Amino acid sequence: MQMTSAPHLLAEDGPEYERILGDALRHAHERPDLEGVGDRLNTEQLRTMALGATALITAAAATEYEHYTKARGELRRASNAEGADGLPGLDGPQSTSAGPGAGIGAVITVLTPLLAGTAALIFLLVGYLLKAVSPSLTFGRTLVTAGWFFACVAAAAILVAAVGLLVTALRNGATAPEEEEEQELPEEVARAREAWRHALLERGILPFFRDALADPTAGPAARTPHRSPNRIPKVGYSRPDFSGPDDGPAAGPRPTFTSPDFTSPDFGGPEHQPD
């Protein structure tokens, strides 16, 4: 009954489960007990089956996962408590001073191409119309020149915004893994997470692969923690039992049919005597 009360896999741990599953599939050819990979079932088939049976596989490491989630929850509660008891003045002025700068920069980045492009469109349209109506009019040529100037400004603003977005994306992508690595977990939480990973791999994923390779036609969703060692029982349909009339104890007599008795008028019964 311990397995049934174990917590389900949280959404935040789903990527970790898929990562452990991917590592197991990548090194499956190195394990002698998984020698059927590629012959009976390929890695994509095993991945699909394991993802469909996530709840059943993770139930094998339910005890370790419960301990890990409790330790992680206590760590988060302690971190939130320390943050609430800390000095809020250290973060307050920085956020207020950096906020307006970031807002003004975002507004300029968005409005500059929009305003410059609108001005370029208006000036070019009016200028070319005036040149078409009166080619000798100097004001038309001035508007056309101003329109092309604003068009260049709009193109330059779009280019600068694109470069800024690219640099920001690359910087965030490069610093995010480093920040995750710098945040080392406490020893208790790290040990609990490692124990869950090991139990999930050794008692959940690998036995599931072995059972699936032993019987590729079995249904993976039928595995439960209280079943026999055959975790993937066969799922199929038996043929209906068709038996002949002579088979079985309840076989009855066959119905018989006789042909109709057709006779001519001269050969009727006694009541019809020939003349």
Side-chain angles (χ1 to χ4, degrees), residues 1-77 173 176-237:
M1 300 300 294
Q2 186 177 1
M3 288 294 186
T4 57
S5 61
H8 295 286
L9 187 68
L10 299 177
E12 60 181 306
D13 297 321
E16 183 67 20
Y17 170 75
E18 295 181 4
R19 183 160 49 249
I20 298 173
L21 177 62
D23 292 339
L25 289 172
R26 278 192 298 270
H27 299 88
H29 298 283
E30 303 175 1
R31 302 182 67 93
D33 53 345
L34 300 179
E35 58 183 4
V37 176
D39 297 333
R40 302 173 184 175
L41 293 173
N42 56 33
T43 56
E44 290 302 322
Q45 290 173 327
L46 288 174
R47 182 189 301 274
T48 302
M49 294 172 64
L51 291 177
T54 300
L56 302 177
I57 294 176
T58 54
T63 304
E64 289 79 5
Y65 183 65
E66 185 177 5
H67 179 64
Y68 168 52
T69 53
K70 286 183 178 179
R72 185 175 59 186
E74 293 176 358
L75 174 63
R76 290 176 178 176
R77 285 190 295 269
E178 294 179 358
E179 292 177 357
E180 291 180 358
E181 292 178 359
E182 291 177 358
Q183 295 178 354
E184 296 183 357
L185 295 176
E187 183 179 359
E188 183 180 359
V189 180
R191 282 191 283 105
R193 183 177 63 177
E194 188 61 28
W196 170 63
R197 290 176 177 177
H198 180 76
L200 182 63
L201 178 64
E202 296 296 334
R203 298 206 307 264
I205 295 177
L206 293 180
F208 183 86
F209 286 168
R210 287 193 290 267
D211 293 338
L213 294 172
D215 190 359
T217 61
R223 178 190 171 209
T224 58
H226 302 287
R227 300 284 298 232
S228 60
N230 185 10
R231 295 180 175 85
I232 311 180
K234 292 185 178 180
V235 177
Y237 301 92

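For clarity, every value in this text was computed on a predicted model and none was experimentally measured. When a residue number appears, it is its place in the shown sequence, counting from 1.
Closest approach of F208 to A53, counting heavy atoms only: CE1-CB, 3.9 Å. Heavy atoms only, all atoms of each residue included: L41 and A212 are closest at CD1-O, 3.6 Å. Between A60 and G204, the shortest heavy-atom contact is CB-CA, 3.9 Å. Listed here is the closest heavy atom pair of A50 and F209: CB-CE2, 4.2 Å. Taking each heavy atom of A28 and L34 in turn, the nearest pair found is O-CB, 3.7 Å. Of all heavy-atom pairs between A192 and H67, the closest is CB-CD2, 3.6 Å.
Rounded to the nearest 0.5 Å, atoms CG (D211) and CE (M49) are 9.5 Å apart. To the nearest 0.5 angstrom, I20 atom CD1 is 12.0 Å from L25 atom CG. Of the inter-residue distances, the one linking R203 atom CZ with L206 atom CG reads 12.0 Å to the nearest 0.5 angstrom. With rounding to the nearest 0.5 Å, the separation of OG1 in T58 from OH in Y17 is 7.0 Å. For the atom pair CG of D13 and CZ of R72, the computed distance is 4.0 Å after rounding to the nearest 0.5 Å. Atom CD of residue E74 and atom OG1 of residue T69 lie 10.0 Å apart, to the nearest 0.5 angstrom.
By the side chain to side chain contact (heavy atoms under 4.5 Å, CB included) test, R19 is found to be paired with E16, D23, residues two or more places apart in sequence or in another chain being considered. Looking at residues two or more places apart in sequence or on another chain, you find a side chain to side chain contact (heavy atoms under 4.5 Å, CB included) between E194 and R197.
By the 30° and 60° cut-offs, the orientation of the rings of Y65 relative to W196 is tilted.
Ion pairing of E187 with R191 is present here, as a side-chain N (NZ or NE/NH1/NH2) and a carboxylate O approach within less than 4.0 Å.
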